[in-house]
**Q** 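My questions all concern the structure below.
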Amino acid sequence: LGVGKPLLLTHPQSELDRANGTLLMSTSAGTTWKRLLQYSYGCHASSQLVQFRDGTIGVLFDDGGPFPANYNPLAGDCKDKIQQIVGMNETLVQIKIRN
C-alpha cells in the first residue's frame, strides 16, 4: 500500500444506523475517501472484499433486507432488526471498476 495505490473500503453509509452498503476508494493511503457507489439499499451488516483475477471486485455482506416499516434511523431500527435475524442472508455483488 502507498500513496497513489487504490485502497477500497466497504461499510454502512449512515451516520445513524447500519444501513446502505457503500464502496469507497482512497488513493491517499486512507487520508481521504471517494464514494464510488452504493451497492445495497436497506439494512446492512458485516462486509468483506475480494478482487477477482479479471479485476472485478466482489463484496460479500450480511443483507438485513429492506428498511422496517416506519423506519427511523435515529432509533437504530436496522441495528435492532439485524440483531434479531438468525441465519442472516449472505449476499455477493460483483462490481467492475472503470478506470
Side-chain angles (χ1 to χ4, degrees):
L1 296 177
V3 175
K5 303 287 184 179
L7 179 63
L8 300 175
L9 170 72
T10 58
H11 73 103
Q13 183 71 39
S14 173
E15 295 178 15
L16 304 171
D17 203 0
R18 297 195 58 80
N20 302 328
T22 304
L23 176 64
L24 303 172
M25 181 176 73
S26 174
T27 54
S28 62
T31 58
T32 59
W33 294 90
K34 176 183 175 186
R35 181 178 185 263
L36 294 181
L37 62 90
Q38 182 176 321
Y39 58 84
S40 78
Y41 181 78
C43 298
H44 178 281
S46 303
S47 57
Q48 301 83 36
L49 282 165
V50 64
Q51 183 174 11
F52 297 106
R53 287 184 184 158
D54 67 357
T56 302
I57 303 298
V59 180
L60 179 69
F61 66 99
D62 293 327
D63 186 355
F67 292 118
N70 302 316
Y71 174 66
N72 179 0
L74 294 173
D77 288 348
C78 275
K79 181 180 175 186
D80 291 342
K81 179 181 179 185
I82 289 169
Q83 289 175 342
Q84 296 171 13
I85 296 174
V86 176
M88 180 114 24
N89 182 25
E90 291 285 335
T91 301
L92 175 68
V93 293
Q94 286 185 269
I95 302 164
K96 183 70 174 179
I97 298 176
R98 296 185 183 129
N99 294 334

**Q** Could you report the tightest heavy-atom contact between Ser26 and Ala29, atom names first, then the distance?
**A**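 Closest pair (atom of Ser26, atom of Ala29, distance): OG-N, 3.7 Å.
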**Q** Please list all pairs meeting ring-ring contact (aromatic ring centres under 6.0 Å, His included) that have one or both residues in residues 7-36, counting only residues at least two apart or in different chains.
**A**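 Sorted result for residues 7-36: empty, none.
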**Q** Excluding sequence neighbours, so at least two apart, what forms side chain to side chain donor-acceptor pair (under 3.5 Å) with Asn70?
**A**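 In terms of side chain to side chain donor-acceptor pair (under 3.5 Å), with neighbours along the sequence ignored, Asn70 is linked to no residue.
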**Q** State which residues pass side-chain contact (heavy atoms from CB on, under 4.5 Å) with Pro66; sequence neighbours excluded, sorted by chain then number.
**A**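 Pro66 satisfies side-chain contact (heavy atoms from CB on, under 4.5 Å) with Lys81 once adjacent residues are dropped.
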**Q** To the closest 0.5 Å, what do you measure between CG (Leu23) and CE (Met25)?
**A**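 Leu23 atom CG to Met25 atom CE measures 8.5 Å (nearest 0.5 Å).
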**Q** Using distance only, find each side-chain donor-acceptor pair of residues 40-53 under 3.5 Å and give its atom names and separation, not counting sequence neighbours.
**A**
from  : atom 1 : to    : atom 2 : distance (Å)
Ser40 : OG     : Gly21 : N      : 3.0
His44 : NE2    : Tyr39 : OH     : 2.9
Ser47 : OG     : Thr10 : OG1    : 2.6

**Q** What residues, two or more places apart in sequence or in another chain, satisfy side chain to side chain donor-acceptor pair (under 3.5 Å) together with Asp77?
**A**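 Expected list: none.
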**Q** First locate atom NZ of Lys34, then atom CG of Leu24, and finally report the distance between them rounded to the nearest 0.5 Å.
**A**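 Answer rounded to 0.5 Å: 11.0 Å.
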**Q** Working to the nearest 0.5 angstrom, can you tell me the gap between Ile95 CD1 and Leu37 CG?
**A**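 Reported value, rounded in 0.5 Å steps: 4.5 Å.
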**Q** Quick one: CG on Leu60 to OG1 on Thr91, what's the gap to the nearest 0.5 Å?
**A**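 Here the interatomic distance stands at 8.0 Å.
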**Q** Using only atom types and a distance under 3.5 Å, with no angle test, would you say the side chain of Thr22 pairs donor to acceptor with the backbone of Asn20?
**A**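 Pair found, side chain donor or acceptor close to backbone of Asn20.
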**Q** Would you find a donor on one side and an acceptor on the other, under 3.5 Å apart, between the side chain of Lys96 and the backbone of Asp54?
**A**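 The answer is yes, because a donor-acceptor pair under 3.5 Å joins these two groups.
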